[in-house]
Amino acid sequence: MTPTDPSNPLSRREFAELASLAVAGAMMPGLASRPQQALTLDETTIAQLQDGMKAGRLTSRGVAQAYLDRIAALDRQGPSLRAVLETNPEALAIADALDGERRRGKVRGPLHGIPVIVKDNIETHDKMQTTAGSLALEGNVAARDASIVERLRAAGAVILAKANLSEWANFRSNRSSSGWSGRGRQCRNPYVLDRTPSGSSSGSAVSVSANLCAVAVGTETDGSIISPANTCGIVGIKPTVGLVSRAGIIPIAHSQDTAGPMARTVADAAALLTALAGVDQRDPATADAQGHVAKDYTAFLDASGLKGARIGVLARTGNNPIVDKVLEQAIAVLKAQGAEVVDPAPIETAGQLGMNERDVLQYEFKTDLNTYLATMPATVKPRTLADLIAFNAANETQEMPYFGQETFIAAQARGPLTEQAYLDARAKCIELTRTKGIDATMDKNKLDAMLGPSGGIASLVDLAGGGGGGGGAGSSQFPAVSGYPHITVPAGFHFGLPLGVSFYGRAWSEPVLLRLAYAFEQATKARRAPGFTPTLALS
């Protein structure tokens, strides 16, 4: 069933009816489930939660409450991660309703009763706001769920909270601190608290890494899923543009924007991708996904999946021995698992993009954001990018205490998408990253996928100097600009800070990448839970 089928989603009416039954079940003998056992949330997988609920040891309500308690303990107090902007006041009632369905024999699928956190640029039609972290959109309650939220609800997920992010998905200033927003302030890396979580999907990555939810949804234009997943030690998937609907997501640029899964394991990320992926009339780009959407992405997970695979390795950074060492270790794993490694397999057009990507993003941001803002409820005052620039200037103390809005201003100066400068820049991006880039490299070397570093070591947060980006040295740009899929998997640590490696390839090659990433994950088991260290003691 599709999420537009009224018999499938948990509608407001159905939600109210099931919630009342769930409450009755809690009070009436014969309807109530067995008492929930104590739940340990550390590194708990979707499969483990489902096993517990199937056996009656766990309930969705108990799981949701345990995550809410953990958010209260770690995000609001303790290390004060600032990963969550707000929790869903209806989460427990929704969980109750889903428990009621389970008791009556209806289980929607692998996400039934599973708590999910979504980034705050993704619309939810509930009692939470959608603001992209900006005070300018405070009070914005969406009139409709984003299409992917509709799909999540139809799959039985409990929308637990909205995640903090780099404000406006890090497209406001030239020198911002990743993970900072006007609403949420500075999100913190759960491994070492004074280090950047990277971004822009900072809160989504931190929430997953710190076990504040089962899985989370992030968004990416260029690196915004991959980079925070790298610095927070989790799995991140940036899907092919068009595989996942963008309808109801605050945009940067339609050429590169996509939502994607963030999880502690490849299996959980695959389960979440299954729920997110699909053709959607609200997003024309998804028409290209017809025939490319898998029924179940977990079906491609194979612990022996590296055997016989032909994988090309990008050239080393040459100036980051920490990253290069982790890459070398990953190459050794690939070979030991039976992969054929082509090393190096450089992309000949690397370094040739110049300002073309920047130009495309600025042009599309102005057009796409103005279109989006025009659809906002009347209670939201800013209706254009120009209005946002004026709001930020008038509220400089709250919105711009550390860095400005140079990117906003540059985008505002751009013309319409019919201008030749935009058309030329976009054509150049496609040629350099697709035709003469990833496709040419994979054809030349007969590759199944490419391997590269996901990013560098998390840098110190420096609000005064605008530092705290993500360490550089990553592989995000070409998959992002081309619109091709990209998966990062934990691969190692340096002084307790995680580093990942990236698998990416042709359009719609998510099944191949999942197979390779899962086999690598099973061979390495590199993921370690964070310890919330205040700072590194290096002397």
Side-chain angles (χ1 to χ4, degrees), residues 119-123 130-137 140 165-183 199-201 219-224 227 241 246 248-259 283 285 353-376 380-396 398-400 402-430 433 466 469 476-477 480-481 483:
K119 190 174 177 180
D120 184 46
N121 58 352
I122 300 171
E123 292 185 337
T130 303
T131 68
S134 173
L135 298 174
L137 298 189
N140 174 39
L165 70 161
S166 308
E167 186 176 308
W168 294 108
N170 210 18
F171 208 74
R172 196 192 84 186
S173 173
N174 295 337
R175 57 169 200 87
S176 63
S177 173
S178 288
W180 187 95
S181 71
R183 281 191 69 205
S200 65
S201 301
T219 65
E220 173 160 329
T221 305
D222 187 341
S224 285
S227 187
V241 171
R246 289 87 54 86
I249 300 177
I250 298 174
I252 290 180
H254 60 266
S255 293
Q256 296 178 208
D257 285 353
T258 183
D283 182 359
L353 272 173
M355 295 294 104
N356 287 296
E357 181 190 13
R358 181 207 65 182
D359 293 347
V360 167
L361 298 187
Q362 289 181 0
Y363 268 104
E364 293 188 2
F365 180 68
K366 179 183 179 180
T367 295
D368 294 353
L369 186 63
N370 283 344
T371 300
Y372 175 85
L373 290 172
T375 69
M376 300 286 275
V380 177
K381 296 292 169 37
R383 314 303 292 184
T384 64
L385 176 57
D387 292 343
L388 292 174
I389 292 170
F391 177 91
N392 291 337
N395 296 273
E396 187 172 358
Q398 293 79 29
E399 270 294 343
M400 300 193 295
Y402 306 115
F403 45 89
Q405 54 179 343
E406 303 89 354
T407 304
F408 268 19
I409 293 168
Q412 177 61 24
R414 299 292 187 175
L417 300 186
T418 53
E419 285 193 355
Q420 196 62 43
Y422 165 74
L423 297 173
D424 290 346
R426 180 59 188 149
K428 201 69 175 175
C429 284
I430 292 172
T433 63
S476 292
Q477 188 178 41
V481 177

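Shown here for Gln256 and Ala480, the closest heavy-atom pair between the two residues is CG-O, 3.3 Å. The two residues Ser255 and Arg426 come nearest to each other via the heavy atoms OG-NE, 3.3 Å. Of all heavy-atom pairs spanning Gly182 and Glu167, the tightest one is N-OE1, 2.7 Å. Between Gly199 and Ser227, the shortest heavy-atom contact is O-CB, 4.2 Å. Across all their heavy atoms, Gln398 and Leu135 have their closest contact at CB-CD1, 3.5 Å. Taking both residues in full, the closest heavy atoms of Ala253 and Leu361 are given as CB-CD2, 3.5 Å, listed atom of the first, atom of the second, then distance.
The ring pair (Phe, Tyr, Trp, His ring centres under 6.0 Å) with Phe365 is formed by just one residue from the set Phe408, Tyr372, Trp168; it is Phe408. Between Arg172 and the options Glu406, Glu399, Gln405, a side chain to side chain donor-acceptor pair (under 3.5 Å) holds for only Glu399.
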Checklist entry - Going through the checks in order, is the side chain to side chain donor-acceptor pair (under 3.5 Å) test met by Ser224 and Ser200? => result CA-CA 5 Å; Ser224 285; Ser200 65; 3.0 Å; yes
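For the atom pair Ser134 OG and Asn121 CG, the distance stands at 12.0 Å (nearest 0.5 Å). The distance from atom CZ of Arg383 to atom CG of Leu369, rounded to the nearest 0.5 Å, is 11.5 Å. To the nearest 0.5 Å, the span separating CZ on Arg414 from CG on Leu385 amounts to 12.5 Å. Taken to the nearest 0.5 Å, the CD atom of Gln362 stands 11.5 Å off from the CD atom of Glu364. Atom CD of Glu220 sits about 10.0 Å away from atom CD1 of Ile252, to the nearest 0.5 Å. Expressed to the nearest 0.5 Å, how far CD1 of Ile250 lies from CG of Leu165 amounts to 8.5 Å.
Side-chain atoms of Ser166 come within 3.5 Å of backbone N or O of Gly179 as a donor-acceptor pair. Between the side chain of Ser201 and the backbone N or O of Thr219 there is at least one donor-acceptor pair closer than 3.5 Å. Under the 3.5 Å distance criterion, the side-chain polar atoms of Asn140 are left unmatched by any main-chain donor or acceptor of Thr131.
Looking only at side-chain heavy atoms (C-beta outward), Asp257 and Ile249 stay at 4.5 Å or farther from each other. Under the 4.5 Å side-chain criterion, counting only non-hydrogen atoms from C-beta, Val481 is not in contact with Val360. Looking at Thr221 and Phe171, their side chains never come closer than 4.5 Å, going by heavy atoms from C-beta outward. The shortest side-chain heavy-atom distance between Asn170 and Thr407 does not fall under the 4.5 Å cut-off. Residues Val241 and Arg246 are in side-chain contact: their nearest non-hydrogen atoms beyond the backbone lie under 4.5 Å apart.
Using the six-membered ring where Trp is involved, Tyr422 and Tyr363 have ring planes that are tilted, between 30° and 60° apart.
Judged as a side-chain hydrogen bond (donor to acceptor under 3.5 Å, both in side chains), and not counting sequence neighbours, Asn356 has no contacts.
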